[in-house]
Student: 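Pasting a structure here, questions to come.
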There are 2 protein chains.
Amino acid sequence: MAIKKTSKEEILNKAISLFKTQGFYNTSMANIADECGLIKGSIYHHFKNKDEIGLEALKYISEYFDKNIFSIKDEALSTKEKLKKIVAKTDEYFLNSNGGCLLANLATEVSSQNEEYKAIIVDYFKVWEECLAKILEEKYSKKEAEDLAYEYICTLQGSIIMFNLTNNKNRLLEIGKKLLAKV
Amino acid sequence: MAIKKTSKEEILNKAISLFKTQGFYNTSMANIADECGLIKGSIYHHFKNKDEIGLEALKYISEYFDKNIFSIKDEALSTKEKLKKIVAKTDEYFLNSNGGCLLANLATEVSSQNEEYKAIIVDYFKVWEECLAKILEEKYSKKEAEDLAYEYICTLQGSIIMFNLTNNKNRLLEIGKKLLAKV
DNA sequence: GTCTATACACAGATAGAC
DNA sequence: GTCTATCTGTGTATAGAC
């Protein structure tokens, strides 16, 4: 029976899941290792330390959004269709993301302690807002578009917190619907 | 030089401040004791354990909102004036609350691990929503009022996360202004 | 790449002197 | 009510065998 090689990405995904559901500081290296069927010492073969796991986790999610969601703004679709596609992908992501939004969670838990984390989180929300604003500018003024984008992201983030508490899917989906009604 | 008696409320306030800014699990009994000019063992004279501090912290903030903000719904004022007063007090609270909203923060960090915490947090948001909905029902249908209340709370909570990241006061204040524009 | 073993620091918590 | 002292568990991290 060959020893299974655990990929870095596999460990990262397990770590992300734990960070989201039980918090960063409340997740130990042993917890992460357990999830991967490893022993805690083995994780250090893949990552220098716990901080590096957190950092790569933030980058991983941020890049996922860049590649799979924010990139939609440049597709050859109508304003409404672009927004619809982004909202659908965003809703799908968060409906299935147990524990909510990693970047928002680490923003409250860790960012005041770690400037490197904070910079990534700030950038994530900035890029997200710019993505939506760019699309909305096709129908609104620059200022109105920015305000709508910002408000949507805030409302969605608040709604994700509520979704984690109450499990009410419809209320989460309403947020995207209301944005779509505006174009 | 007499030994200073530290009150339970004093310890609670220091603990709340630390929980908000650096997270619950990342705050040790020694951290809390330090803030109070005590040694960690002394905290146990006032609280059974760390979990109890978290629990009382949640109750303390929840009761503050009940007494000082949510109670405004029953004052003898016009719809607009009641809402205005609530928004002003809410904005004031969060503009000065370093680290954001304790209940929202613990919702993401701890609530999935602790049903007692979760129940208090769920109730806090429920009472908040009912408070706003009751006022809004003076001008809107029950369903519309509930939706507006829910949306405002979500947007504000998201905005508090952003405020912690960017320190942009105006964007936080916009949320309340937009609610007021609706009555 | 994973394991065993271990070092070391710090966590939460308790006992008892003052 | 606060202190000193201490227990015990667990945290992060490392060294070296397989």
Side-chain angles (χ1 to χ4, degrees), chain A residues 1-58 105-106 109-117, chain B residues 1-58 60 102 105-106 109-117:
Chain A
M1 195 162 72
I3 292 169
K4 195 201 165 200
K5 289 188 193 177
T6 308
S7 75
K8 203 169 169 173
E9 189 169 0
E10 211 172 320
I11 297 171
L12 207 50
N13 273 307
K14 301 285 190 187
I16 287 168
S17 175
L18 288 169
F19 291 159
K20 282 192 297 181
T21 52
Q22 47 175 50
F24 178 79
Y25 293 115
N26 190 41
T27 299
S28 68
M29 296 300 273
N31 291 155
I32 298 168
D34 274 357
E35 281 293 303
C36 302
L38 295 173
I39 205 156
K40 62 178 174 175
S42 305
I43 303 289
Y44 290 89
H45 176 75
H46 302 271
F47 297 92
K48 199 177 72 199
N49 52 36
K50 191 183 172 185
D51 255 23
E52 191 179 273
I53 302 181
L55 191 65
E56 295 211 15
L58 290 171
N105 293 3
L106 291 211
E109 197 184 352
V110 192
S111 87
S112 72
Q113 316 290 304
N114 186 321
E115 287 302 320
E116 206 173 3
Y117 282 21
Chain B
M1 196 162 74
I3 292 169
K4 194 199 167 203
K5 289 188 193 177
T6 307
S7 74
K8 203 170 170 173
E9 190 170 359
E10 212 172 320
I11 297 171
L12 208 50
N13 273 306
K14 302 285 191 186
I16 287 168
S17 176
L18 288 168
F19 292 159
K20 281 192 298 181
T21 51
Q22 46 175 52
F24 179 78
Y25 293 116
N26 190 40
T27 300
S28 69
M29 296 300 273
N31 291 156
I32 298 168
D34 273 358
E35 282 293 304
C36 303
L38 296 174
I39 205 156
K40 63 176 174 176
S42 304
I43 304 288
Y44 290 88
H45 177 76
H46 302 271
F47 297 92
K48 200 177 71 200
N49 52 35
K50 191 183 172 185
D51 255 22
E52 191 180 272
I53 302 181
L55 191 66
E56 295 211 16
L58 290 171
Y60 185 83
L102 179 74
N105 293 2
L106 292 211
E109 197 185 351
V110 192
S111 85
S112 72
Q113 317 289 305
N114 187 320
E115 286 302 320
E116 204 174 2
Y117 282 20

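Naming: A, B, ... by sequence-line order, numbering from 1 per chain.
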Student: Check this for me: does the side-chain of B:Lys40 come within 3.5 Å of the base of C:dG12 through a donor and an acceptor?
Tutor: yes

Student: In this structure, how many angstroms lie between the C1' atom of D:dT12 and the CG atom of A:Asn26, rounded?
Tutor: 15 Å

Student: In whole Å, I'd like the distance from the CG atom of A:Asp34 to the C1' atom of C:dT2.
Tutor: 15 Å

Student: With a 4.5 Å heavy-atom cut-off, do A:Gln22 and A:Asn31 have their side chains touching?
Tutor: yes

Student: Can you check the B:Ile39 CD1 to C:dC10 C1' distance for me, whole Å?
Tutor: 14 Å

Student: Base, sugar-phosphate, or nothing for B:Thr27, non-hydrogen atoms under 4.0 angstrom?
Tutor: sugar-phosphate

Student: Please determine whether a side-chain nitrogen or oxygen atom of B:Tyr44 lies at a distance below 4.0 Å from atom OP1 or OP2 of C:dA13.
Tutor: yes

Student: For A:Gly41 and for A:Asn31, find the nucleotide of DNA chain D with the closest heavy atom, then tell me which residue's nucleotide is more 5'.
Tutor: A:Asn31

Student: Take the protein atom OH of A:Tyr25 and the nucleotide atom C1' of D:dT12, then report the distance between them rounded to whole Å.
Tutor: 14 Å

Student: Counting only side-chain nitrogens and oxygens, does A:Ser28 get under 4.0 Å of the OP1 or OP2 atom of D:dT10?
Tutor: no

Student: Counting C-beta onward and ignoring hydrogens, is there a side-chain heavy-atom pair between A:Asn105 and A:Phe19 closer than 4.5 Å?
Tutor: no

Student: Between B:Glu109 and A:Tyr25, is there a side-chain donor-acceptor contact under 3.5 Å, judged purely by atom types and distance?
Tutor: no

Student: Nearest whole Å is fine: how far is D:dG11 C1' from A:Asn49 CG?
Tutor: 14 Å

Student: With a distance cut-off below 6.0 Å to the six-membered ring centre and an angular limit of 45° from the axis, does B:Lys50 pair with B:Phe24 as a cation-pi contact?
Tutor: yes

Student: B:His45 side chain N/O closer than 4.0 Å to the phosphate oxygens (OP1, OP2) of D:dT2?
Tutor: no

Student: Between A:Glu116 and A:Leu58, is there a side-chain heavy-atom distance shorter than 4.5 Å?
Tutor: no

Student: Does C:dT2 have OP1 or OP2 sitting under 4.0 Å from an N or O in the side chain of A:Thr6?
Tutor: yes

Student: Let me know the distance between NZ of B:Lys50 and P of D:dT10, rounded to the nearest Å.
Tutor: 15 Å

Student: Once you round it to whole Å, what is the distance between P of C:dG1 and CD of A:Glu10?
Tutor: 12 Å

Student: Under 4.0 Å between a side-chain N/O of A:His46 and OP1 or OP2 of C:dT2, yes or no?
Tutor: yes

Student: Would you tell me if any nitrogen or oxygen in the side chain of B:Ser42 comes within less than 4.0 Å of OP1 or OP2 on D:dC3?
Tutor: yes

Student: Could you give the CG-to-P distance, from B:Leu18 to C:dG12, as a whole number of Å?
Tutor: 12 Å

